[in-house]
Amino acid sequence: MRTSIATVSLSGSLTEKLTAAARAGFDGVEIFENDLLASPLTPEQIRDLCADLGLSIDLYQPMRDMEAVPDDVFARNLRRAEHKFRLMRRLGADTVLVCSSVSPLAVDDDALAARQLRRLAELADGSGIRVAYEALAWGRHVNTYDHAARIVEAADHPALGTCLDSFHILARGSDPKGIEDIPTEKIFFLQLADAPLLAMDVLQWSRHYRCFPGQGALDVAGLLRHVLNAGYTGPLSLEVFNDVFRQAEAGPAAVDALRSLITLQEAVGVGELPAPVVPTGIAFAELVTPDVEPAAALLHALGFTRTGRHRGKPVDLWEQGQARVLLNTGPAARRDGTVLAAVGLETPDPVRAARRAEALLAPVLPRRRATGDVLLDAVAAPDGTELFFCATGRPGLPDWKGDFAPTGEQAVDSDVRGVDHLALTQPWHQFDEAVLFHRGVLGLDVQESVDVADPYGLLRSRAVSTPDGAVRIALGVGPAPGDDHERAQHIALATDDVVAAARRFRAAGGQLLAVPGNYYDDLAARFTFGPGELEMYQELGILYDRDAHGAFRHCYTRTLGRVFFELVQRDDGYRGYGAQNAPVRLAAQHAPAG
Ligand SMILES: O=C(O)c1ccc(O)c(O)c1
Ligand SMILES: [Mg+2]
């Protein structure tokens, strides 16, 4: 279907917004009046710019407080409308959105509303313009879509129809099934927005917290199914008012927006997209570091062995059980200190996984970095993390390990089995985008968002994972702009015996994060432990949690650049990530090293 986006959804000047929408691949735009008023371009120049960019102007909006008003007020409204219709002709826009009145002058009189909207439609029709009447969720007398549709029906003019807006409909809890009763030719326009569930005033909710479909908690796909069943074939248009998107760079935000419309169409069975190829494990995590010694010492103390050396680049492979870490000291390492730069995902079909990612607008990375390298499918995540689709040790498929010459050293069976999860901190304005990316592109399930108190701000965290837990990624976002602690990424290593793993790490010279005694005092109040158990945890800095399924014991290494490791023992199907303990961990990480 045709895709469109309201200029209000993107940051910048009108020219920047239009350019971003076109580059992302949108077919059209809704021009918001405020963006036009503030633009130095004439309506004709805006029309030409849109034409040059290949964008249709699908809607001009909004026109407010039109209907159900006293005669003298309506006469003034018509004069205002005439003026705007002249502007729309210069702009080349043929549909105007009229939102239901919020004016104290408006009266609760559907017959009057219908008569006046009919009069407005007659005037519009003379200029070749159509009027799409939308019920604002906070409209004074008209605030539901079915009410707006009844008034449109009563007005009975071909140039008058309704605009459906998923936010207004779903935020009020209206049943969207009734959309199927609206005559097809009366649905002039469809605006789509999602939102997280928040118990707050609906106007504030709408103006500040809307997000792109799939990023919130509203059933936008369910609503779209009803609209399609009603016979609607017009554009799918995003209209998102959001404080974060207003500040985020328009280019990436427009890509994020279009990705949401592509996944939404997939959810309702329109459009073609290669099916998700759900990853089955973490093949490797790649650290880029300017300073190989401390990173190598840390890996060594954790029980890793340097088993391979890249044939063409300064990259080492460190292994232990199924956990693999690449240590890259190449040119990229001069820039950012120690960072987690790439993740290898074990994937049943790497080529198809990359094709889906590409169809969902993920930047595709070159398959071969240098002559002789194995061909690898990889894309960039929104924050720039490189995601490699891997087939480790699977005959007939390119194996990334082929790029590494064995050092001759064998990995020893130690306490670490593999990677339990990765924690990837996102730039503050890309959190919703990252969640949608990991769900849509990688087919991961998304868990609830949790808030975590840091001594210097609030962090948000949302886990994405496969149903069996083979791939778990905790996406986080800190206060803007974060310091190194708040931007830190980590690799959580799975062990069956965290006490043994912690002891071995310490004996090998590793330093674990110290946890305050008050924390253990609180643990003693909340849980029962065997004799000496809690003292042992305190000595090692092991944190403890329990859910309905099982227990979780974990401890942390000191941070190197922006990266640290966690040792994790997950017993009896514990499902979480120890979020309860995160504030204590964050405070400990801020404390000066002792
Ligand atoms: O918040 C508003 O006023 C507003 C304006 C136009 C719309 O289409 C809408 O959904 C909301
Ligand atoms: Mg709207």
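We count ligands from 1, going down the list as the structure has it; atoms in each ligand are counted the same way. Nothing fancy with the numbering, it's 1 onward along the sequence.
The distance from ligand 1 to the heavy atoms of L136 drops below 4.0 Å at these ligand atoms: 4 (C), 9 (C), 11 (C). Short contacts between ligand 1 and Q191, defined as distances under 4.0 Å to a heavy atom of the residue, involve ligand atoms 8 (O).
Counting only non-hydrogen atoms, the option in E239, H168, R207, E33 that gets closest to atom 8 (O) of ligand 1 is E239.
For the atom pair CG (L365) and CD (E386), the distance works out to 5.0 Å, reported to the nearest 0.5 Å.
The Mg ion (ligand 2) lies closest to atom OD2 when only the N/O/S atoms of D165 are considered. Its N, O or S atom nearest to the Mg ion (ligand 2) is what matters here, and for E239 that atom is OE1.
Protein heavy atom in closest approach to atom 6 (C) of ligand 1: Q61 OE1, 3.0 Å.
Rounding to 10 degrees, one finds that the Mg ion (ligand 2) sits at the corner of an angle of 70° between E134 OE2 and Q191 OE1.
Residue contacts with ligand 1 include W138, since one or more of its heavy atoms lies under 4.0 Å from the ligand. Under the 4.0 angstrom criterion for non-hydrogen atoms, F167 is not in contact with ligand 1. Heavy-atom distances between E30 and ligand 1 stay at or above 4.0 Å for every pair.
Some N or O of R210 is nearer than 3.5 Å to an N or O of ligand 1, by distance alone.
The existence of a salt bridge linking K17 and D35 is confirmed by a sub-4.0 Å separation between a basic side-chain nitrogen and an acidic carboxylate oxygen.
Side-chain atoms of F189 and D58, non-hydrogen and from C-beta on, do get closer than 4.5 Å to each other.
Checked against a 6.0 Å centroid threshold, the rings of H490 and H421 count as neighbours. Aromatic rings from Y456 and H590 are positioned such that their centres are separated by under 6.0 Å.
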Item to check | Residues R2, S56; criterion side chain to side chain donor-acceptor pair (under 3.5 Å); working and verdict | outcome: CA-CA 10 Å; R2 286 182 61 78; S56 55; 2.5 Å; yes
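Neither the backbone nor the side chain of L203 comes within contact range of ligand 1; no heavy atom lies under 4.0 Å.
Side-chain contact check for Q116 and N77: no donor-acceptor pair (N or O, by modelled atom type) lies under 3.5 Å.
Y60 pairs in a side chain to side chain donor-acceptor pair (under 3.5 Å) with only one of the listed residues (E33, E30, K84), which is E33.
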